[in-house]
S.K.: 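Would you mind keeping the following structure in view while I ask a few things?
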Amino acid sequence: MPETTDNARKIIVVGGVAGGMSAATRLRRLDEDAHITVLERSGHVSFANCGLPYHVGGVIEKRSALLLQTPESLGARFGLDVRVGTEALSIDRERKVVRVRTLATGAEEDLPYDALVLSPGARPVRPPIPGIERALALRDVEDTDAMVAAVADAQGIEARGFDDEEPEPTSAVVIGGGFIGVEMAENLVHRGLHVALVEATPQVMAPLDPEMVAPVHDALRRAGVDLHLGRSVTVIGDHDVTLSDGTVLPAAVVVASIGVRPDTSLAEGAGLRIGPRGGIWVDEQLRTSDPHIYAVGDAVEKVDGLSHEASLVPLANTANLQGRRVADVIAGLPGSDRHVLGTAIVGVMGLQVAATGWNEKRLRAAGRPYRAIHTHPASHATYYPGAATMALKLLVDPETDRILGAQGVGREGVDKRIDVIATAMTGGLSASALAGLELAYAPQFGSAKDPINMLGHIADNLRTGIAVEIQWDELADAMTAGAALVDVRTPAEFAKGGIPGALNIPVDDLRDRLDEVPPGPVVVHCAVGLRGHVAARILRQRGWDDVRNLSGGYTTWKAGTGA
């Protein structure tokens with residue numbers, strides 16, 4: 001570690017993962033003379049916390065692969081004073097010192113600072129459920145070691161034999177169906193456990209709307225995950241858990257993935273301002289209410305990119321970027337925090353599941369007008385082997401054509417489409433402008449008309465009135481009000497399943513069978529929406545004034561209704 005003078009600037013970073021370590025290393029690159037101390041409560045710094053579930057599942061076999069840096073390597077390369085197993089107990093803002101404790105010895109000392117960066121992250125939610133102390137959480141490497149040991153112990157009991165009166169020892173219950181809960185369920189299945197997933201709401205993965213989450217539920221069930229939706233855990237026993245409906249599930253291993261809350265204990269103890277969502281309040285330069293103290297990462301409130309209101313978005317890329325930005329500010333460079341869209345993706349049993357911006361549920365709750373667009377394109381040109389169908393949903397402001405959010409589910413190609421939409425949102429592109437994007441194309445990677453371009457074309461058709469659509473959850477009311485439903489798929493498709501009450505007239509026969517179409521209003525649909533659009537254009541130009549195409553066709557309707 002390089003020598004520093006007594007008058008060197010003293011910077012303390014609390015938290016040695018993601019935002020904290022990004023801040024510390026960037027600060028060193030900007031200021032070679034500062035004395036930078038990193039305090040980390042756990043025994044490891046700069047570890048890949050997003051990879052922890054995959055080590056539990058054995059996908060990442062070597063634990064060492066998760067440890068990106070060590071205190072020694074950070075000291076050698078960056079000259080950082082990295083102290084693991086060290087807890088920040090309190091902040092004396094008047095004296096500008098942090099009281100710290102070395103956990104191994106219990107020794108305490110005061111460390112002075114000129115600038116202090118708080119990056120304590122978030123703590124797992126632990127509701128007051130009887131027996132909750134048996135539930136394992138996953139926040140750091142130590143938690144991972146405990147979970148790996150618990151799984152190995154359960155499987156070891158099975159190998160040794162067990163009392164027939166005890167439940168199946170390789171059973172696991174995951175409480176919570178968010179991103180981490182779903183990842184844990186998948187990885188425990190990969191480990192060979194029988195997994196039940198309990199979620200208090202009617203669906204897993206809250207960022208998705210109901211019709212978009214249906215294939216995720218299907219994939220989990222096909223993989224053997226026992227889904228218990230709309231139920232909560234009331235008791236955690238020694239070998240089982242009891243649900244709110246009285247169901248008792250065997251559980252040798254219990255994992256609590258109920259969510260996280262900002263870790264604000266240190267900030268609150270110092271009298272720093274806490275925002276309306278319960279995170280540390282920071283300004284655009286990531287300063288707290290004390291101008292000498294900054295905060296980044298999961299512990300702080302962000303600014304929502306659509307509403308400009310306070311938001312909690314615990315994402316690694318946001319934490320890392322904030323760490324870099326706060327280092328710039330401390331070093332005297334221009335910098336400010338970005339607004340967040342909540343762009344995220346997770347792998348679920350071979351599916352890519354991604355979202356950005358707001359979903360339809362949130363838009364409805366806020367009373368915000370929107371237009372929903374559903375498509376089911378192929379991941380790449382269908383004539384090239386291996387193309388897979390995905391489901392995309394785009395949410396658009398009907399007045400301004402602004403993109404409000406998007407969701408995608410499929411086996412491949414979802415990641416880059418969500419990233420393009422998130423980039424377009426950040427750049428202020430309208431939904432219709434997606435049609436004109438020049439995107440890389442070769443048959444094994446996409447289509448000449450990329451799914452993103454097609455979303456733009458549909459948005460433009462809706463904006464200009466060339467097309468009018470109806471949503472899957474509006475169809476029943478429209479039919480009750482007298483709308484006729486025309487299914488323009490082939491007779492073979494219709495025979496395999498259709499929407500009750502539909503009249504089947506294939507789109508290729510439509511011009512010759514116009515006399516069979518009721519005078520209106522009319523709703524047309526095909527499998528995914530494309531042939532429905534063609535049929536709607538035919539009818540509109542042949543005298544039918546009130547014609548709507550079912551957005552996303554039969555596929556979206558079936559996913560949404562569960563038919």
Side-chain angles (χ1 to χ4, degrees), residues 13 15 17-27 29-30 49-50 115 117-122 179 207 260 262 264 267 272-289 291 293-345 354-359 362 366 368 395 397 400 402-407 415-431 433-434 437:
V13 178
V17 186
M21 196 51 67
S22 293
T25 53
R26 173 70 170 174
L27 276 164
R29 293 193 294 272
L30 296 175
N49 49 4
C50 294
V117 179
L118 303 181
S119 182
F179 279 55
V260 294
T264 60
L272 298 177
R273 178 180 170 186
I274 304 300
R277 298 297 305 277
I280 302 171
W281 176 90
V282 291
D283 65 13
E284 291 185 352
Q285 279 71 47
L286 297 161
R287 291 185 182 87
T288 68
S289 51
I293 302 176
Y294 304 78
V296 299
D298 295 352
V300 309
E301 292 186 348
K302 288 83 175 174
V303 177
D304 184 272
L306 294 179
S307 68
H308 298 165
E309 296 174 345
S311 176
L312 295 175
V313 180
L315 293 174
N317 56 7
T318 296
N320 276 285
L321 181 58
Q322 285 188 329
R324 182 181 177 91
R325 292 283 169 81
V326 80
D328 289 352
V329 172
I330 292 172
L333 297 178
S336 61
D337 194 21
R338 71 174 183 195
H339 295 180
V340 295
L341 298 173
T343 308
I345 188 168
T356 187
W358 287 25
N359 60 19
R362 187 174 177 186
R368 187 162 184 166
L395 294 158
D397 187 309
T400 66
R402 180 186 184 186
I403 304 171
L404 303 175
Q407 300 159 48
D415 51 347
K416 68 176 181 179
R417 271 71 189 206
I418 287 293
D419 281 346
V420 170
I421 294 171
T423 303
M425 292 176 71
T426 301
L429 294 183
S430 68
L434 297 177
L437 291 181

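If you're wondering where the values come from, they're calculated on a predicted model, not measured in any experiment.
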S.K.: Do L312 and P262 come within less than 4.5 Å of each other through their side chains, counting heavy atoms only?
M.R.: yes

S.K.: Does the side chain of I403 come within less than 4.5 Å of I421's, by heavy atoms?
M.R.: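 The answer is yes, as the side chains (C-beta and beyond) meet within the 4.5 Å cut-off.
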
S.K.: Let me confirm one number: the OH-OG1 distance from Y294 to T288, rounded to the nearest 0.5 Å.
M.R.: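 That separation rounds to 9.0 Å.
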
S.K.: Evaluate the side-chain proximity of L306 to R368: yes if any heavy-atom separation is below 4.5 Å, no if none is.
M.R.: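 Counting from C-beta outward, R368 and L306 do come under 4.5 Å.
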
S.K.: Might you point out which heavy atoms bring A299 and G121 nearest each other, and give the distance in Å?
M.R.: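 In this case the closest contact between A299 and G121 is CB-O, 3.4 Å.
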
S.K.: Less than 4.5 Å apart, any side-chain heavy atom of V329 and any of L286?
M.R.: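 Contact flag for V329/L286 side chains = no.
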
S.K.: Provide the closest heavy-atom pair for Q285 versus S336 in the form atom of the first, atom of the second, distance.
M.R.: NE2-CB, 3.8 Å

S.K.: Measure the CG-CZ distance between L333 and R324 for me, rounded to the nearest 0.5 Å.
M.R.: 10.0 Å

S.K.: Is any side-chain heavy atom of V282 closer than 4.5 Å to one of V326?
M.R.: no

S.K.: Rounded to the nearest 0.5 Å, what separation is found between the CG atom of N320 and the OG1 atom of T25?
M.R.: 9.0 Å

S.K.: Please identify which of these residues, Q322, R277, H339, meets the side-chain contact (heavy atoms from CB on, under 4.5 Å) condition with K302.
M.R.: Q322

S.K.: Minimum heavy-atom separation for S119 and V17, please, with both atom names.
M.R.: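 Closest pair (atom of S119, atom of V17, distance): OG-O, 4.1 Å.
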
S.K.: Quick one: are T426 and R338 in side-chain contact, heavy atoms under 4.5 Å?
M.R.: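 A side-chain contact is absent here, since even the closest heavy-atom pair is not under 4.5 Å.
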
S.K.: Got a second to check how far R287's CZ is from W281's CH2, nearest 0.5 Å?
M.R.: 10.0 Å

S.K.: Indicate yes or no: at least one non-hydrogen side-chain atom of L272 is less than 4.5 angstrom from one of I293.
M.R.: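 Side chain of L272 against side chain of I293, heavy atoms only: contact under 4.5 Å found.
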
S.K.: Could you tell me the separation between the OG atom of S430 and the CZ atom of R402, rounded to the nearest 0.5 Å?
M.R.: 12.0 Å

S.K.: Taking all non-hydrogen atoms of both residues into account, name the closest pair between E301 and G275 and its distance.
M.R.: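 What the structure gives for the nearest pair is OE2-C, 3.0 Å.
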
S.K.: Does any N or O in the side chain of S289 come within less than 3.5 Å of the main-chain N or O of R273, such that one atom is a donor and the other an acceptor?
M.R.: yes

S.K.: What's the spacing between N317 CG and T343 OG1 if we round to 0.5 Å?
M.R.: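 Rounded to the nearest 0.5 Å, the CG-OG1 separation comes to 7.5 Å.
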
S.K.: Using a 4.5 Å cut-off on heavy atoms from C-beta on, say whether the side chain of L395 contacts that of Q407.
M.R.: yes

S.K.: Kindly give the heavy-atom pair with the smallest separation between N359 and P207, and that separation in Å.
M.R.: ND2-O, 3.2 Å

S.K.: Given the rule in the side-chain contact (heavy atoms from CB on, under 4.5 Å) test, do D337 and V300 qualify, once you have shown the distances and angles that lead to the verdict?
M.R.: CA-CA 11 Å; D337 194 21; V300 309; 5.9 Å; no

S.K.: Do NZ/NE/NH1/NH2 and the carboxylate oxygens of R362 and D304 come within less than 4.0 Å?
M.R.: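 Yes.
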
S.K.: What heavy-atom pair brings L315 and A344 nearest, and what distance separates the two atoms?
M.R.: CD2-CB, 4.2 Å

